[in-house]
Structure formats: structure tokens, C-alpha cells
Amino acid sequence: MSNNKNVGGFRVSGSTIADEIKSRCNIVDIVGRYVELKRSGSSYKGLCPFHSEKTPSFNVSESRQFFYCFGCGASGDVISFLMKIENIDFHAAVSKLAEEYGIDMDRFGYRNEGKKNEIYEMNREAAVFFYRNLTEKPNPGYEYMKKRGLNPKTIARFGIGFAEDSWHALQNHLLEKKYSEEMMMQAGLLSASNGKRYDKFRNRVMFPIFNTRGKVIGFGGRTLGDSGPKYLNSPESSVFSKKNNLYGLNLTRNEINSSNCAILVEGYMDLVSLYRNGVRNVAASLGTALTEQQCALLKRYTQNVVLSYDADAAGQKAALRGIELLRNAGISARVLHISDGKDPDEFITKNGKEAFLKLVDQALPYADYRISVARGKYDIGTPSGGIGFLREIRGILADLSPVEADVYIKKIAAETHISESAIRREVNETAESARTGRTAAGGRQQPAQTLYPAGTGGRVPDIRRVEGDEMIQMHFIKLAAVNPDYLEPMKDYEFVFEDPAYARIYNMIKDVYLEDSEVDINKVSDNLLPEDDVLFRKALERVVFPENSDQVFRECVEKIRYEKLQKRQNEILEALTLLTEEESDRNRADALTKELIELQRTMQNIKLG
């Protein structure tokens with residue numbers, strides 16, 4: 001019989017990390033490290049470690065993997081014992097036991113966040129090292145930056161630095177700071193060959209890449225020599241994923257949000273030059289082709305994006321792909337055409353801010369740009385050229401609204417001297433083929449690619465183990481995100497976040513609030529793991545509050561209170577099984593039975609929504 005169930009649309013395995021721990025370790029062994037236990041019938045007894053006593057009232061059942069103190073009422077399983085005896089939380093207790101018993105925590109959704117924080121700090125130290133190299137002594141990097149028109153203020157604003165033409169300069173510096181070579185390798189700061197490790201970035205201007213919380217997650221290096229690629233980026237790591245991040249967003253997201261428009265460029269210097277010249281609503285795609293995840297990230301801040309890529313063939317190809325991805329993500333996309341200069345950096349440096357903004361105003365919408373690119377491939381003054389042009393753009397026209405299509409059909413008919421009726425027939429046939437799922441040649445059309453929730457890496461997690469009460473955790477997440485005033489009263493109930501994913505989300509909400517004195521939902525999303533962001537968005541979308549959110553909080557607290565009483569009820573029932581026929585145990589049984597009756601009466605009076 002399957003032990004799986006469905007929770008909130010996810011298929012959830014009944015086996016959790018707590019189950020795995022309790023199946024592998026013996027509570028008697030763990031408790032025995034702190035309490036001198038002696039066998040008493042089918043269980044073990046000892047002096048309670050949680051209160052002062054001379055006569056043993058602390059019982060441990062090996063068969064039930066359960067402890068109970070008849071003196072102070074402390075009870076629970078092996079995880080509860082470790083939490084209480086060492087004064088640690090659920091996650092720390094789980095981590096400690098999982099490590100001891102060789103349990104793979106990643107398999108249950110837990111991660112070593114401490115290691116990630118060490119990498120963030122090491123990256124910060126590397127960024128400071130590079131910045132001082134650039135600014136505190138003569139070097140070719142600074143001369144290059146001056147030649148590109150950057151002043152000290154801009155260099156400091158972006159933390160731009162310089163990697164010396166040395167094989168071990170950064171490596172030796174970080175070793176002095178007590179960081180290991182293994183961690184440098186994990187972060188992509190070192191490379192290895194023939195068993196030797198050396199600095200990955202050498203003789204390069206360095207652009208640190210920040211997340212929206214201001215943590216350094218990676219680097220981009222522009223070579224000053226002839227060897228190696230022009231730009232070299234940090235590899236993927238536990239803190240850095242190129243497809244999920246945009247360069248400069250830590251500085252520009254507020255301008256993008258307030259202007260409701262993002263200008264998307266390809267390179268680091270394009271962004272830095274635009275920013276230096278006063279164009280602040282800009283982001284860069286880290287030298288990679290635009291991804292679905294980056295589109296979803298942009299959509300958190302704006303519904304409008306202007307692509308400002310290089311004017312060469314590669315830039316045009318990237319723009320065509322980019323506008324399709326943005327359109328599929330529900331973003332209105334336009335393409336900026338630069339006539340004077342190859343890239344945005346060169347254009348704005350030569351012509352200034354106002355000239356660039358004029359180009360932004362003239363940026364071509366989706367259909368215009370795609371049609372203009374197709375027009376450049378054909379001599380539409382000839383019959384064959386006109387037919388080829390029409391065949392290429394009929395799919396574009398078929399995808400437009402009837403009103404939009406009518407405007408373009410009239411214009412194209414005038415340019416190609418092909419009748420409007422002939423163009424409409426081509427467009428209608430294409431639309432019908434798309435509707436029926438067949439190509440014009442009669443073959444099956446491939447299904448369209450669909451976007452998945454932001455940050456899922458192209459997949460929706462359909463199997464996830466859930467620790468604790470998921471609905472309570474989801475409601476608390478929504479309450480904390482929409483009204484941080486609830487963070488204070490929630491402090492007494494943080495134990496409900498037994499699920500590691502929801503715990504990470506809740507802690508991120510608290511971190512953002514402590515930094516900004518408010519909760520920016522987009523900032524929370526930006527800094528979550530991709531799979532955690534899916535859960536965060538799920539909580540925001542699925543949990544719907546009535547007008548009085550205080551009522552929701554009270555109902556959650558009542559449910560927590562009820563479950564706490566229910567747990568105590570189960571503990572009493574377990575404790576009663578440990579008792580013998582001795583007179584002292586009969587007295588304990590009477591006291592427990594009385595407590596059980598009172599507890600059950602209280603539970604009946606709790607109104608659960």
C-alpha cells in the first residue's frame with residue numbers, strides 16, 4: 001500500500017527526514033549519553049535531566065522510541081530530546097543526528113546554509129582584493145577604465161577591480177584569510193590542471209556580480225591581453241546561477257520598477273556606461289542568451305522591456321530570441337536599433353543620454369522588429385522576393401490580434417504589390433494550421449514551449465516531502481510577507497516551520513525586513529533558491545485572506561494550540577503504557593488520567609476554522 005498523499009497539488013512522500021532519523025537511531029543510545037539509564041521491565045529509567053529529582057521518574061521506551069518524565073512532564077521522541085537537552089531548534093537537531101547517522105539531508109530538502117554564507121563572505125573578500133588592486137597602485141586595469149571614461153565614483157559604485165597577471169595572487173591572499181582551496185574551487189575562484197591549482201582570473205578587469213541582497217555571488221572578468229576569451233564568467237556554484245540572475249539589478253531594480261520599463265543590455269560595460277550617463281533602469285544578462293528565468297525575474301519589476309543588444313548579426317539573433325521569450329512571459333518587448341556605434345556603451349559615450357533615450361522611444365515593437373528583420377533578407381521589389389518575404393512573416397501576422405494584423409496586411413500589400421486578399425488567405429491558413437496543430441505541409445506541429453513558474457529551471461517539482469503542517473506554514477508565510485507586523489507575534493510560534501523549505505522562506509522574509517524595515521516580495525524572491533521561490537509564490541497565490549487578517553492569524557494560533565494539546569494527549573496515552581501496578585505508578589496513572597480528561601475537554605472547546 002502506498003504511503004504517499006497529495007498536499008496542495010504536490011505529491012508528498014510519507015517518509016520524512018524525521019522518520020528516517022527515528023528509524024536509524026536508537027533513542028536509548030542517544031539519551032544514554034546524557035542520562036544514566038537502568039533497565040526497568042520493558043523500559044529504562046533514570047534521573048530526569050530537565051528538572052532536579054532524587055528518585056528516578058524519567059522513562060525511556062526502546063520499543064516505542066519515546067521518553068517521558070513523570071515528574072516534570074517532559075516527553076517526546078529522539079529529536080525532541082536533543083532539542084531540549086542541547087537547547088537547539090528542530091533543524092539543528094535534525095542536522096546533528098543526520099550527520100551522525102550518515103543521512104543525506106539534500107534528499108529531504110535540507111541544505112548546508114552555513115557553507116553558502118562562507119562562500120558569500122569569501123567572494124566579498126575576493127571583491128575587496130580586486131578593488132584594491134585596481135585603485136591603490138598603478139596597473140593596466142585602471143588605465144583601461146580611465147580610457148573607457150569611468151571615474152573613481154563609478155568604479156566604487158560597481159566595485160570594479162583588477163586581477164593581476166599572476167597565477168597565485170588571489171589564492172595566497174585568501175589562504176592568509178583562512179579560506180581553504182577546496183572552497184575557492186567550489187566558488188570558481190581557482191582552476192586546476194595537472195593536479196595544480198591556480199587563480200582562474202588573471203590580467204582582467206573584474207566586475208563583481210551581486211544578488212539583490214548585496215552579496216557577491218560571482219565575477220565577470222574582461223581580459224586586457226590576447227590570451228583566453230574576451231570575457232570570462234564565474235562557473236555555476238551553490239551561490240551563482242547565470243540563468244537566474246541579472247547583472248546590476250541590485251542597483252537598478254527600484255528605477256526599473258518606478259519607470260515600469262527595463263532596458264536590457266548584453267555586457268557589463270554597456271550597463272556601467274548607461275548607468276554612469278544617467279540611464280538607471282537597466283540590467284544585463286551576464287553575457288549569456290536571455291533565459292526564461294531571467295524573463296520571470298524581470299516581470300517582478302516591470303511589464304515592459306526594451307532590448308538594446310549589439311547591432312551585429314549575433315545581436316540581432318539574440319534580440320529575435322529574446323523578444324519571443326519576453327512575449328511568452330507576458331512582457332511587452334521592444335527592440336532598440338543603434339545606427340551610430342556597435343553597442344549601447346559606444347553610442348551613449350559618443351552621443352549622450354538624450355540621444356540614447358530618443359532611440360529608446362523609437363524602439364520597435366515585437367511585430368515591427370520581426371517584420372523588419374525578415375524584410376532585410378529579401379528584395380521585395382521582385383515577385384520571388386515578395387513571395388519569400390510573405391511566407392516568412394505570415395506566422396507573425398497570424399499570431400496578432402485581428403486589428404493589428406489588418407494594419408500590417410495593408411502596409412505589406414502596398415510594399416510588395418501582393419493583394420490584401422491573397423495575404424489574408426495565407427495568414428488565415430497559417431492560423432488554422434496552428435489551431436489544428438498541423439503544419440501547412442500536413443505534418444504534426446510540435447507543441448509550443450511553455451513557461452514554468454519563476455526559477456524552477458524549466459521543471460515543476462511534482463514530488464516533495466513536506467515536514468510539518470504545510471497549510472499553517474503557508475498561511476504564516478503569506479501573513480509575514482503581506483504585513484510584517486505579524487513577525488513579532490509569530491516569534492512564539494516559529495517552531496511550526498518544520499519544513500526546511502518554508503523555514504528558509506520565513507527566514508528570508510525576516511532578513512529582508514531587518515535590512516529594509518519592510519518586506520519587498522520581489523527581493524525575497526530574488527534571494528530564494530529556485531524551488532523555494534516556487535513554494536513562496538504558491539503561498540502568495542493560493543492563500544486568500546478575508547478582510548480581517550487578524551482572524552486568520554488567530555485561527556492559525558488556535559490550530560497550533562489544538563495540535564499541541566493533541567500531541568500532549570498522545571504523550572499521556574504513551575506514558576500510561578509505561579506504568580506498572582505499583583502503588584506509586586497507580587498514583588501517577590490517576591494524575592495523568594485527570595490531566596487527560598481536562599485536556600480533552602479543552603480540545604472540544606477550541607473552534608477550528
Side-chain angles (χ1 to χ4, degrees), residues 9 211-212 241-250 252-266 271 281-309 315-336 360 363-371 373 395-401 404 434 445-461 520-542:
N211 64 19
T212 56
S241 172
K242 283 184 281 190
K243 68 183 179 183
N244 290 320
N245 289 280
L246 291 165
Y247 177 69
L249 201 60
N250 60 306
T252 65
R253 67 186 190 279
N254 290 334
E255 284 83 358
I256 289 171
N257 185 256
S258 60
S259 65
N260 193 23
C261 178
I263 299 169
L264 192 63
V265 297
E266 288 183 284
L271 184 142
N281 57 323
V282 60
S285 53
L286 292 170
T288 60
L290 187 65
T291 67
E292 292 179 354
Q293 292 81 2
Q294 289 169 337
C295 292
L297 179 58
L298 282 169
K299 194 176 180 182
R300 297 173 188 168
Y301 301 99
T302 182
Q303 296 289 329
N304 301 286
V305 173
V306 174
L307 291 172
S308 181
Y309 288 171
Q316 186 181 91
K317 183 178 179 181
L320 283 170
R321 182 180 182 277
I323 57 174
E324 288 292 345
L325 284 173
L326 289 164
R327 190 165 184 261
N328 288 340
I331 295 173
S332 175
R334 295 184 293 145
V335 180
L336 182 155
V360 173
L364 295 176
Y366 169 82
D368 291 85
Y369 182 73
R370 288 196 60 189
I371 290 170
V373 171
I396 303 170
L397 299 176
D399 207 24
L400 301 176
S401 70
E404 287 179 304
Q445 189 179 46
Q446 292 297 316
Q449 293 293 315
T450 57
L451 279 179
Y452 293 95
T456 61
R459 61 179 176 82
V460 175
D520 182 335
I521 287 174
N522 291 322
K523 189 172 181 180
V524 174
S525 279
D526 292 348
N527 292 285
L528 289 173
L529 297 165
E531 58 267 35
D532 290 354
D533 189 37
V534 173
L535 294 179
F536 180 47
R537 294 287 168 174
K538 169 185 154 187
L540 295 179
E541 292 168 7
R542 293 192 183 180

> Does A539 offer a backbone N or O that forms a donor-acceptor pair with the side chain of R542 under 3.5 Å?
Replying inline: no
> Is the shortest heavy-atom distance from the side chain of L297 to the side chain of K243 under 4.5 Å?
Replying inline: no
> So how far is it from L246 CG to R253 CZ, rounded to the nearest 0.5 Å?
Replying inline: 12.5 Å
>> I need the minimum non-hydrogen distance between L325 and L290, along with the two atoms involved.
In response: CD1-O, 3.1 Å
> If you round to the nearest 0.5 Å, how far is OG of S308 from CG of L336?
Replying inline: 4.5 Å
>> Ignoring hydrogens, what is the shortest heavy-atom contact between N211 and N250? Give both atom names and the distance.
In response: O-CB, 3.3 Å
> How many angstroms lie between OH in Y309 and CG in L320, if you round to the nearest 0.5 Å?
Replying inline: 11.0 Å
> So, N257 side chain and Y301 main chain: donor-acceptor pair closer than 3.5 Å or not?
Replying inline: yes
> Roughly how far, to the nearest 0.5 Å, is the CG atom of N304 from the CD1 atom of I263?
Replying inline: 11.5 Å
> Between I331 and C295, which heavy-atom pair has the shortest distance, and what is it?
Replying inline: CD1-O, 3.5 Å
> Under the criterion side chain to side chain donor-acceptor pair (under 3.5 Å), which of D520, D532, D533 is the partner of S525?
Replying inline: D533
>> Using every non-hydrogen atom in the two residues, find where L307 and A319 come nearest and quote the distance to one decimal.
In response: CD1-O, 3.6 Å
>> If you define the side chain from C-beta out and look only at heavy atoms, does anything of I256 sit under 4.5 Å from L249?
In response: yes
> Could R327 and D399 be called an ion pair, given the rule that one side-chain N must be under 4.0 Å from one carboxylate O?
Replying inline: yes
> In Å and rounded to the nearest 0.5 Å, what is the CD to CG distance from E292 to L326?
Replying inline: 11.0 Å
> Within the side chain of Q294, is there an N or O that forms a donor-acceptor pair under 3.5 Å with the backbone of T291?
Replying inline: yes
> Hey, are the side chains of R321 and Q316 touching, using non-hydrogen atoms and a 4.5 Å cut-off?
Replying inline: no
>> Would the distance check show the side chain of N281 and the main-chain N or O of C261 forming a donor-acceptor pair, the cut-off being under 3.5 Å?
In response: yes
> Between N245 and L286, what is the shortest heavy-atom contact and its length?
Replying inline: O-CD1, 3.3 Å
> Any sub-3.5 Å donor-acceptor pair from E541's side-chain atoms to K538's backbone N or O?
Replying inline: no
>> Minimum heavy-atom separation for E266 and A318, please, with both atom names.
In response: OE2-CB, 4.4 Å
> So, R334 side chain and Y369 main chain: donor-acceptor pair closer than 3.5 Å or not?
Replying inline: no
> If you round to the nearest 0.5 Å, how far is NZ of K242 from CD of Q293?
Replying inline: 13.5 Å
> Without hydrogens or angle criteria, can the side chains of S401 and E404 be said to hold a donor-acceptor pair below 3.5 Å?
Replying inline: yes
